[in-house]
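Heavy-atom basis, side chains included; hydrogens, waters and symmetry copies ignored. Just so you know, these numbers come straight off a predicted model, no measurement behind them. A note on names: the letters A, B, ... follow the listed sequences, proteins ahead of strands, and every chain is numbered from 1.
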Amino acid sequence: MQYVLKLYVTSQTPNSIRALENLRQICEELLEDRYELRVIDVLKEPQLAEEDKIIATPTLVKHLPSPIRRIIGDLSDRDKVLLGLELVSKIEEKV
Amino acid sequence: MDTRTTQQTSEGAVSKIASGIPGFDLISQGGLPEGRPTLVSGTSGSAKTILALQYLVHSIEQQDMNGVFVTFEETPKDIRRNVKSFGWDLESLEKNGKLAIVDVSPEPDGNVIEAGNYDFSALLARVENAVKKVNAKRVSIDSVSAIFSQFADSGLVRRELFRLAAGLKKMGVTSLITAERTQEYGDIARYGVEEFVADNVIILRNILSEEKRRRTIEILKYRGAPHQKGEFPFTISGQGIEVLPLSAMELTQKSSTVRISTGNDDLDDMCGGGFFRDSIILASGATGCGKTLTVTTFLDDGSRRGEKTLVFAFEESREQLLRNAIGWNKGFRKWEEEGLLKIVCAYPESLGLEDHLLLMRKEIESFEPSRIAVDSLSALERVSTGKSFREFVIALTSFIKARETAGLFTATTASLMGGTSVTEAHISTITDTIILMRYVELMGKMERGITVLKMRGSWHDKSIRQYEIDDKGMHIGRPFLNVGGILAGTPTHIVTVETERLEGMFEQEKVGV
């Protein structure tokens, strides 16, 4: 199953840097090469944030597989991120 | 802190910008504080969204100042549709690059997962982007309370909204931020929103008082800027919100010394030659003692002289008024056909007092009469509360006087003989002339008595005169002699011996000023 992800950040703020690190780690561990990630800086491309109705940063939007889901925060709460990406069952398999 | 410095550099004065809300600039003494956010708090249904949008739309239309609308509650689609009835075409304003809407309304699917620390930088970036895109000078945010339900940490939301307010200040835009409150009299807003835009607070109320809805607006604070205190009624018409600055109106009318005829020679004599051109006259009396006749005679005299006259009838229908006029040989139908007379009939109950006032003002503005009559004010009083009625009369009289027009109001007394009407008590100080008409019971017969109680700036007849009404109109006769207690409703004959004694004690009152 192919994952299409967008991560909205605010330049190089600590929250944004952490969110990107946390997400990369999860993706590499669980999705390997089955994902596309686009990182968008709201300060540089506010119009994209407008289209996706983003309020908070960082926001991770899972476009595919449907349904669309939003996860906000620096993604440090790993369990919740996995829940949002519907990767929970996969952890159980690995364990 | 940066606001304080601007205040000092601009010699302590906060400059204000026109709000686009009719009447608001009068009570705020100039409009909204420029370059600052103002909090508008009100319960649900208190017209916050209308105010926030009217401010933007009118700023674009009247001052060519572009705006940004940030919606936290309704979707842009709903908003565009809802305000169409006010004639506000948001879509074309958006197309022409004059208005931008930032959509922060909740997603229908809703569930957002919170996984760690975040802030609202994206929202700020979007608002800033929209402001740049249309070169906006005005921003409205409606309503920030809605966003609290979307996020778990309300402390964080408050902090981030504070950043947003600070960001708006930095951009130099003048903004309105609306917030919900749960009670008409209580905390300023839910979630302590007022903490982050504390400088300027406006409260909208929608109060149920004696079974009537009454909308009011109050400027709670305007830091460093003067404004009128207290609640002012406002109404929502087809053009949006209109504040009625009633008691904030200034008494700037000139006083005319030109006399106009009452249409009745005897009454003219009693008033020292007629009413003043720009005066407000109150005719008070029990039912059937000739108030409507006085109105009819007064207006007919105006039309005869080629003047335009307007009557607001709250007790009788147009047909009834016309029939009465024919009965007294007054050519109402002819004047109406010639466009010299306009009869506006309305049920007092059909509208709130504020809306009656708006309607009357519109009629007066479009017809431009030189004589106006309201028959009767008491009918309107029945559908209002004491304070709002007094404010209504003040607003109406100052509007009429400012146009140098004569206004004849009637009031109905509750008791047939003597007594005063409640209406009189409320408005007697506002009127220039008061005429009392009373029934007098004498020797087993009902007589009628008329007197001019007061007339500002003029000599007037002080006696109570007997009068009769027939098919020609009103005929005023001799003063009641040797009778006392007429106005008290207990007429008694004074024995002749005593009258002679009294006459000996005082000199006869002289005719003249």
Side-chain angles (χ1 to χ4, degrees), chain A residues 5-23 25-27 39-63 66-88, chain B residues 68-77 94 99-134 136 141 144 146-161 163-164 167 171:
Chain A
L5 305 173
K6 271 190 212 166
L7 181 66
Y8 284 92
V9 296
T10 322
S11 299
Q12 297 294 308
T13 56
N15 276 346
S16 300
I17 295 167
R18 263 199 308 277
L20 192 57
E21 278 169 7
N22 289 331
L23 181 62
Q25 207 175 348
I26 292 169
C27 288
V39 180
I40 297 157
D41 184 348
V42 294
L43 299 183
K44 287 186 186 131
E45 294 179 279
Q47 199 50 48
L48 293 176
E50 188 62 47
E51 282 160 22
D52 264 337
K53 293 181 67 179
I54 305 299
I55 300 168
T57 48
T59 295
L60 172 63
V61 184
K62 172 179 72 82
H63 281 273
S66 54
I68 294 177
R69 185 138 294 162
R70 292 145 186 274
I71 305 159
I72 61 169
D74 61 9
L75 310 181
S76 55
D77 189 335
R78 192 182 160 100
D79 289 351
K80 279 197 176 160
V81 179
L82 297 182
L83 191 77
L85 292 176
E86 284 151 34
L87 288 167
V88 182
Chain B
V68 167
F69 189 74
V70 184
T71 172
F72 279 101
E73 212 160 9
E74 292 175 274
T75 62
K77 203 176 137 205
E94 286 175 84
L99 175 77
I101 298 181
V102 178
D103 179 10
V104 201
S105 62
E107 293 280 350
D109 51 28
N111 56 340
V112 172
I113 297 167
E114 293 187 19
N117 299 324
Y118 59 89
D119 58 38
F120 286 175
S121 296
L123 175 61
L124 260 71
R126 286 168 64 191
V127 174
E128 212 170 323
N129 179 48
V131 167
K132 271 188 201 142
K133 201 173 78 186
V134 298
I141 298 182
V144 291
I147 202 175
F148 283 88
S149 60
Q150 291 188 44
F151 297 91
D153 183 353
S154 58
L156 181 137
V157 176
R158 222 173 3 248
R159 207 161 53 239
E160 290 303 306
L161 288 177
R163 271 215 306 150
L164 176 61
M171 286 182 249

Requested in this report: Return the minimal non-hydrogen interatomic distance between B:Ala125 and A:Val42, and the atom names on each side.
Outcome: CB-O, 3.7 Å
Query raised in the report: Take atom CD in A:Glu51; do more than 12 heavy atoms of anything else shown fall under 6.0 Å from it?
Result: yes
Query raised in the report: CG/A:Asp79 to CD1/B:Ile113 distance, rounded to the nearest 0.5 angstrom?
Result: 11.5 Å
Query raised in the report: Would you say the side-chain atoms of A:Lys53 pair up with the backbone N or O of B:Asp103, donor to acceptor, closer than 3.5 Å?
Result: no
Query raised in the report: Side chain, backbone, both or neither: which part of B:Ile101 has an atom under 4.5 Å from a heavy atom of chain A?
Result: backbone
**Report entry** Between B:Asn129, B:Asp119, B:Val104, B:Val102, the one whose heavy-atom pairs under 4.5 Å with chain A are most numerous
**Finding:** B:Asp119
Report task. Work out which heavy atom in B:Asn117 is nearest to a heavy atom in A:Pro58; give both atom names and the distance. Result -> O-CD, 3.7 Å
Query - Top contributor to chain B contacts, counting heavy-atom pairs under 4.5 Å, from A:Glu50, A:Lys80, A:Gln47 - result: A:Glu50
Requested in this report: Just jot down the ring pair (Phe, Tyr, Trp, His ring centres under 6.0 Å) partners of B:Phe72, sequence neighbours excluded, or say none.
Outcome: none
Query raised in the report: Which residues in residues 70-78 of chain A have any heavy atom lying under 4.5 Å from a heavy atom of chain B?
Result: A:Arg70, A:Ile71, A:Ile72, A:Gly73, A:Asp74, A:Leu75, A:Ser76, A:Asp77
Query - For chain B, the option from A:Thr13, A:Ile55, A:Ile54, A:Asn22 that forms the most heavy-atom pairs under 4.5 Å - result: A:Ile55
Query raised in the report: B:Gln150 versus chain A, heavy atoms under 4.5 Å apart: side chain, backbone, both or neither?
Result: side chain
Report task. Check each atom of B:Leu124 against the heavy atoms of chain A and say whether the ones under 4.5 Å are side chain, backbone, both or neither. Result -> neither
Query raised in the report: Does any heavy atom of chain B fall under 4.5 Å from the side chain of A:Thr10, the backbone, both, or neither of them?
Result: side chain
